[in-house]
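Just so it is clear, the values below take in all heavy atoms, side chains as well, and ignore hydrogens, waters and symmetry mates. Quick note: residue numbers are just sequence positions, from 1. Predicted model only: the values in this text are computed from it and were never measured.
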Amino acid sequence: MIAFKGFNRDLQATMGRGTFQFEAGKTYEEKECKCAHNGFHCAEDPLCALGYYSSMSDRYFVVRAEGDINQDGYNSRISCTKLTLVKEISRVELGAYACKYMAKYPERKPDFHNVALEKGMCHTKDDFIIVRGKHPQAAGVKGSYVFLVKEKPKSKEIAVIYPFYVDGEEIKESTYYGLRGEELCRKKS
């Protein structure tokens, strides 16, 4: 199963026995797994990684979880006996994967790290916000990324995912944008 995992800047993560050092591209194995106790932890929902590693210097990976897999119902957290670090992704790419996850599982309760409902603003350069709803509106500081996730009128299904970068010129900072159909439009103050 493909999942997501966060690490500190040195590619370390905490485990039941302390800190574990990882290396990109390597596969790791444990004898048993139980969420919050042992095994290698990761999550199906990319945003869950931000619940454990949210510093701007932290690192994120697409991982392959194999062997025995344990889920405890806490968000989309899992523990597995075999974990491979497949590909490092940026914090913003984590946001893009989260939008795909929302589209695939529209009825699941979103993990609210970097997610706002209907209206929100990204206050940090090189970071992102996802604004989800029937009429999502978002703004950001220069150098931030925004994902508008528009739901269909009478359901939670996703109709449109519209990403944009606040460059300060074409897309103005601290200015709210929304969607008119599938096109980005500036919202009146």
Side-chain angles (χ1 to χ4, degrees), residues 2-13 22 24 42-63 75-76 85-106 108-153 156-189:
I2 296 298
F4 300 86
K5 183 162 179 61
F7 303 88
N8 69 18
R9 70 174 159 235
D10 297 322
L11 211 53
Q12 298 170 331
F22 290 85
C42 52
E44 288 182 87
D45 182 347
L47 294 178
C48 284
L50 293 176
Y52 301 96
Y53 295 92
S54 60
S55 167
M56 291 299 289
S57 65
D58 287 337
R59 297 166 69 182
Y60 307 96
F61 272 76
V62 174
V63 298
N75 294 329
S76 69
L85 279 62
V86 176
K87 175 184 169 187
E88 186 165 10
I89 58 174
S90 71
R91 189 176 171 95
V92 173
E93 287 173 307
L94 190 76
Y97 277 108
C99 291
K100 288 181 182 180
Y101 181 83
M102 286 179 192
K104 187 173 182 179
Y105 302 106
R108 289 191 183 172
K109 183 180 174 187
D111 191 307
F112 284 98
H113 298 283
N114 290 53
V115 177
L117 299 177
E118 294 300 343
K119 191 171 186 178
M121 181 168 179
C122 183
H123 298 280
T124 308
K125 180 183 176 193
D126 297 325
D127 203 4
F128 71 92
I129 190 166
I130 297 170
V131 180
R132 180 178 174 171
K134 304 295 182 203
H135 306 284
Q137 298 179 38
V141 297
K142 185 177 178 180
S144 63
Y145 297 81
V146 174
F147 298 93
L148 294 176
V149 178
K150 185 175 182 179
E151 297 172 348
K152 291 183 179 179
K156 293 280 187 188
E157 280 187 63
I158 305 303
V160 178
I161 298 172
Y162 196 102
F164 63 92
Y165 175 71
V166 181
D167 62 6
E169 295 174 20
E170 186 177 328
I171 303 293
K172 306 289 185 199
E173 74 177 312
S174 301
T175 301
Y176 281 88
Y177 292 86
L179 294 173
R180 185 174 294 123
E182 294 187 12
E183 299 295 319
L184 188 67
C185 64
R186 190 171 173 173
K187 301 308 273 186
K188 294 181 181 178
S189 300

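- A distance of 6.0 Å or more separates the ring centres of Tyr97 and Tyr101.
- Here the side chains of Lys156 and Arg132 are in contact, with some heavy-atom distance below 4.5 Å.
- Nearest heavy atoms, Ile158 versus Met102: CG1-O, 3.8 Å.
- Ring planes of Phe7 and Phe61: perpendicular class, angle over 60° (limits at 30 and 60°).
- Atoms CG and CG, on Asn114 and Asp127 in that order, are 5.0 Å from each other to the nearest 0.5 Å.
- Closest non-hydrogen pair, Arg91 versus Leu50, comes out as NH1-CD2, 3.5 Å.
- Nearest heavy-atom pair, Val92 versus Asp126, reported as atom, atom and distance to 0.1 Å: CG2-O, 3.9 Å.
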Under the side-chain contact (heavy atoms from CB on, under 4.5 Å) rule, what do Tyr177 and Val146 come out as? Steps first, then yes or no, please.
-> CA-CA 10 Å; Tyr177 292 86; Val146 174; over 6 Å; no
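- Under the 3.5 Å distance criterion, the side-chain polar atoms of Glu118 are matched with a main-chain donor or acceptor of Lys134.
- Atoms CD and CZ, on Glu182 and Arg180 in that order, are 14.0 Å from each other to the nearest 0.5 Å.
- Side chain of Arg59 to backbone of Gln12: no donor-acceptor contact under 3.5 angstrom is found.
- Using a 4.5 Å heavy-atom cutoff, the side chains of Phe147 and Phe128 are in contact.
- The CG atom of Leu11 lies 9.5 Å from the NZ atom of Lys5; values are rounded to the nearest 0.5 Å.
- Heavy atoms only, all atoms of each residue included: Lys125 and Val141 are closest at N-CG2, 3.6 Å.
- Using a distance-only test at 3.5 Å, with no hydrogens or angles considered, no donor-acceptor pair links the side chain of Asp45 to the main chain of Ser76.
- Atom CD1 of residue Ile161 and atom CG of residue Leu148 lie 10.5 Å apart, to the nearest 0.5 angstrom.
- When side chains are defined from C-beta on, Ile2 does not count as touching Lys87, because their heavy atoms never get closer than 4.5 Å.
- Here the straight-line distance linking atom OG of Ser54 with atom CG of Leu47 works out to 12.0 Å at 0.5 Å rounding.
- Shortest non-hydrogen contact noted between Val63 and Cys42 is CG2-CB, 3.9 Å.
- Other residues, nucleotides and ligands contribute over 12 non-hydrogen atoms within 6.0 Å of the CZ atom of Arg108.
- Atoms CZ and CG, on Phe22 and Asn8 in that order, are 10.5 Å from each other to the nearest 0.5 Å.
- A donor-acceptor pair under 3.5 Å is absent between the side-chain atoms of Tyr176 and the main chain of Met121, judged by distance alone.
- Considering all non-hydrogen atoms of both residues, Ala116 and Lys119 come closest at CB-O, 3.6 Å.
- For Ser144 (side chain) and Lys142 (main-chain N/O), no donor-acceptor pair under 3.5 Å exists by modelled atom type.
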